[in-house]
Amino acid sequence: MTNQTLPSYCRKRNSNGKYYAFVAINGNRISLGPDGTKAKQKYDRIIAEWLANGKHLHFDDSAITIKNLCTRYLEFAYEYYSGSIEYENYERVSKILIKLYGTTEADDFGPKKLKAVRECMTRKGWQRKSINKQIQRTRAIFRWAEANELIERGMSEYLSTLAPLKKGRCPGVPEGKNVKPAHIEDIEAIQPYVSRQVWAMIQLQLLTGARPGEIVLLNLADIDRSEIVWIFRPERHKNEYRDIEREIYIGKQAQSIITNFLFGKHPSDYIFSPADANREAKQRTAAGSRRKNQKANLKSTDRTIGSHYTTHSYRRAIKRGCEKAGVESWSPNQLRHNAATIIRKEYGLEAAQIILGHTRADVTQIYAERDREKAVQIAAKIG
């Protein structure tokens with residue numbers, strides 16, 4: 001066999017100006033790394049293995065595309081951020097990366113392409129801080145790829161040369177507004193337009209000050225019901241990576257709300273299930289359709305209904321409720337501010353920090369125990 005019949009050793013100039021080598025075999029473009037002696041040695045090894053196996057090798061080191069990279073990262077993130085809103089954030093940024101550059105080789109992604117991704121976020125109307133955080137998550141995907149030797153080293157550092165959007169210097173990019181409590185009238189107005197599961201989560205947020213990401217994951221297995229005030233310790237929460245335990249205090253009124261959803265539930269089941277809400281809605285529609293001249297108004301859907309609400313599905317349900325009620329739209333995050341305002345007014349700033357789970361690095365175990373006792377007393381009073 002002559003050299004002319006072998007796949008060629010090829011070079012390309014990457015977006016950072018360096019030359020990288022590759023070889024195309026059986027439709028797979030296999031990266032050989034930076035052009036040089038090591039790349040040529042790798043080429044010789046791959047060709048020898050390919051010939052020895054009858055030209056039918058499967059290559060695990062094929063050049064990875066942005067779509068491949070995002071898919072593999074999301075597989076990792078699904079386990080690492082399980083039950084956290086952070087996984088959903090990475091899903092959002094991955095969709096944009098794949099839409100714009102899905103077939104682009106990851107090694108060819110640079111600051112200009114990252115800037116185009118940011119421009120896409122801007123056109124979607126995202127706020128400046130949100131855009132900057134999503135760009136940071138994009139760099140995190142590439143850092144992970146480097147750590148797992150999926151791409152060449154230095155790419156994440158190369159992407160960091162794109163400066164973040166600065167306040168007051170980005171025409172057309174909206175600034176985020178300070179989150180304020182939702183108006184009580186606007187909250188109460190949507191009750192007829194949301195499922196009883198969503199309404200229960202709204203009430204629990206107001207009573208406990210829990211984050212949306214915590215309330216959607218509420219399950220009986222994580223609730224300590226041995227005392228007058230129940231304590232929910234979510235397995236996943238915002239400060240988990242700091243090795244800090246989160247405790248959410250559930251008084252009698254909140255306990256009563258939860259109890260209404262426990263029938264037929266296994267302790268490991270999520271208390272608020274969109275599948276339950278969907279089934280109840282169908283039952284109501286079926287009952288209504290039997291009435292004379294009344295048509296069913298629940299449309300069938302092909303979407304997958306999960307075992308629990310996500311922060312996004314919870315937010316969407318509230319937004320739809322606001323639209324149907326004809327009131328100003330508000331979000332689940334605002335309910336936490338409602339709770340904080342009430343607790344701070346009645347019991348002071350320190351109490352609000354305790355109930356809402358705000359932390360400082362210098363808090364000692366003595367203070368933590370005192371804070372826990374105070375939190376239990378407050379929760380018992382406010383319900």
Side-chain angles (χ1 to χ4, degrees), residues 14-17 65-67 69-70 73-74 77 81 84-145 151 154-183 186 211-213 238 310-323 326-338 340-341:
N14 208 311
S15 56
N16 60 8
T65 64
I66 292 296
K67 183 177 180 179
L69 174 56
C70 290
Y73 181 82
L74 288 176
Y81 295 111
S84 167
I85 188 176
E86 197 62 10
Y87 174 75
E88 297 172 33
N89 287 327
Y90 277 105
E91 274 192 317
R92 293 179 74 195
V93 73
S94 293
K95 286 180 181 178
I96 295 178
L97 286 167
I98 292 171
K99 180 180 179 181
L100 296 182
Y101 297 108
T103 59
T104 301
E105 291 184 18
D107 284 329
D108 284 336
F109 194 84
K112 287 185 177 180
K113 291 182 173 63
L114 184 59
K115 189 174 183 179
V117 169
R118 189 173 70 183
E119 181 60 31
C120 180
M121 296 175 183
T122 300
R123 291 197 303 271
K124 288 178 175 292
W126 293 7
Q127 297 174 353
R128 182 183 62 84
K129 288 184 178 180
S130 178
I131 292 173
N132 284 340
K133 287 181 179 178
Q134 290 293 52
I135 295 301
Q136 290 175 1
R137 292 185 179 100
T138 304
R139 296 192 189 105
I141 293 175
F142 280 86
R143 281 198 302 273
W144 175 87
I151 61 174
M155 179 60 74
S156 60
E157 183 178 353
Y158 185 41
L159 294 177
S160 68
T161 58
L162 179 66
L165 298 174
K166 303 292 185 181
K167 184 175 182 179
R169 299 182 181 180
C170 308
V173 181
E175 285 290 338
K177 298 179 180 179
N178 292 330
V179 181
K180 296 181 179 180
H183 296 295
D186 292 343
R211 298 181 178 92
K238 183 177 181 180
T310 66
T311 52
H312 289 305
S313 62
Y314 180 30
R315 186 184 304 113
R316 285 196 301 268
I318 290 176
K319 183 178 180 180
R320 288 194 296 267
C322 291
E323 291 172 351
V327 298
E328 183 179 354
S329 183
W330 49 271
S331 73
N333 283 325
Q334 289 179 259
L335 299 175
R336 185 166 158 83
H337 287 260
N338 281 77
T341 301

- Query: What's the verdict on side-chain contact (heavy atoms from CB on, under 4.5 Å) for Thr65 and Thr103, showing C-alpha distance, side-chain angles and the deciding distance?
  - Reply: CA-CA 6 Å; Thr65 64; Thr103 59; 5.6 Å; no
- Query: Could you go step by step and tell me if Arg118 and Leu162 meet the side-chain contact (heavy atoms from CB on, under 4.5 Å) rule?
  - Reply: CA-CA 10 Å; Arg118 189 173 70 183; Leu162 179 66; 3.8 Å; yes
- Task: Step by step, work out the side-chain contact (heavy atoms from CB on, under 4.5 Å) result for Ile141 and Leu97.
- Result: CA-CA 11 Å; Ile141 293 175; Leu97 286 167; 4.2 Å; yes
- Message: Using side-chain contact (heavy atoms from CB on, under 4.5 Å), reason through Met121 and Ile135 one step at a time and then give a plain yes or no.
- Response: CA-CA 10 Å; Met121 296 175 183; Ile135 295 301; 4.3 Å; yes
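Remark: side-chain polar atoms of Gln334 are paired, donor with acceptor, to backbone N or O of Ser331 under 3.5 angstrom. Side chain of Gln127 to backbone of Pro174: no donor-acceptor contact under 3.5 angstrom is found.
Between the OG1 atom in Thr138 and the CZ atom in Arg143 there is a gap of 10.5 Å [rounded to 0.5 Å]. Atoms CG and CD1, on Leu165 and Ile131 in that order, are 5.5 Å from each other to the nearest 0.5 Å. Atom-to-atom distance recorded for Lys167:NZ and Asn132:CG is 13.0 Å, nearest 0.5 angstrom. Put simply, CZ on Arg211 and CG on Asn333 are 10.0 Å apart, with the number rounded to the nearest 0.5 Å. To the nearest 0.5 Å, atom OG1 of residue Thr310 and atom CZ of residue Arg315 are 8.5 Å apart.
Every salt bridge (Lys or Arg N to Asp or Glu O under 4.0 Å) that Arg137 has, sequence neighbours left out, goes to Glu86. Shown here are the ring pair (Phe, Tyr, Trp, His ring centres under 6.0 Å) partners of Trp144, two or more places apart in sequence or in another chain: Tyr73, Phe76.
For Glu328, the CD atom counts as loosely surrounded, since its 6.0 Å shell holds 12 or fewer non-hydrogen atoms of other residues, nucleotides or ligands. Summarising the local packing, CD of Glu175 is surrounded by more than 12 heavy atoms from other residues, nucleotides or ligands at distances under 6.0 Å.
Side-chain contact between Ile96 and Gln134 is absent, with no heavy-atom pair separated by less than 4.5 Å. Side-chain contact between Tyr101 and Asp108 is absent, with no heavy-atom pair separated by less than 4.5 Å. Using a 4.5 Å heavy-atom threshold, the side chains of Thr311 and Pro332 count as separate.
Counting all heavy atoms, side chain and backbone alike, Tyr87 lies closest to Leu74 at CE1-O, 3.4 Å. When all heavy atoms are compared, the tightest approach of Cys120 to Leu100 is CB-CD1, 4.0 Å. Nearest approach of Ile66 to Ala106, heavy atoms of both residues: CD1-CA, 3.9 Å.
Each salt bridge (Lys or Arg N to Asp or Glu O under 4.0 Å) pair with one or both residues in residues 89-104, not counting sequence neighbours, would appear here, but there are none.
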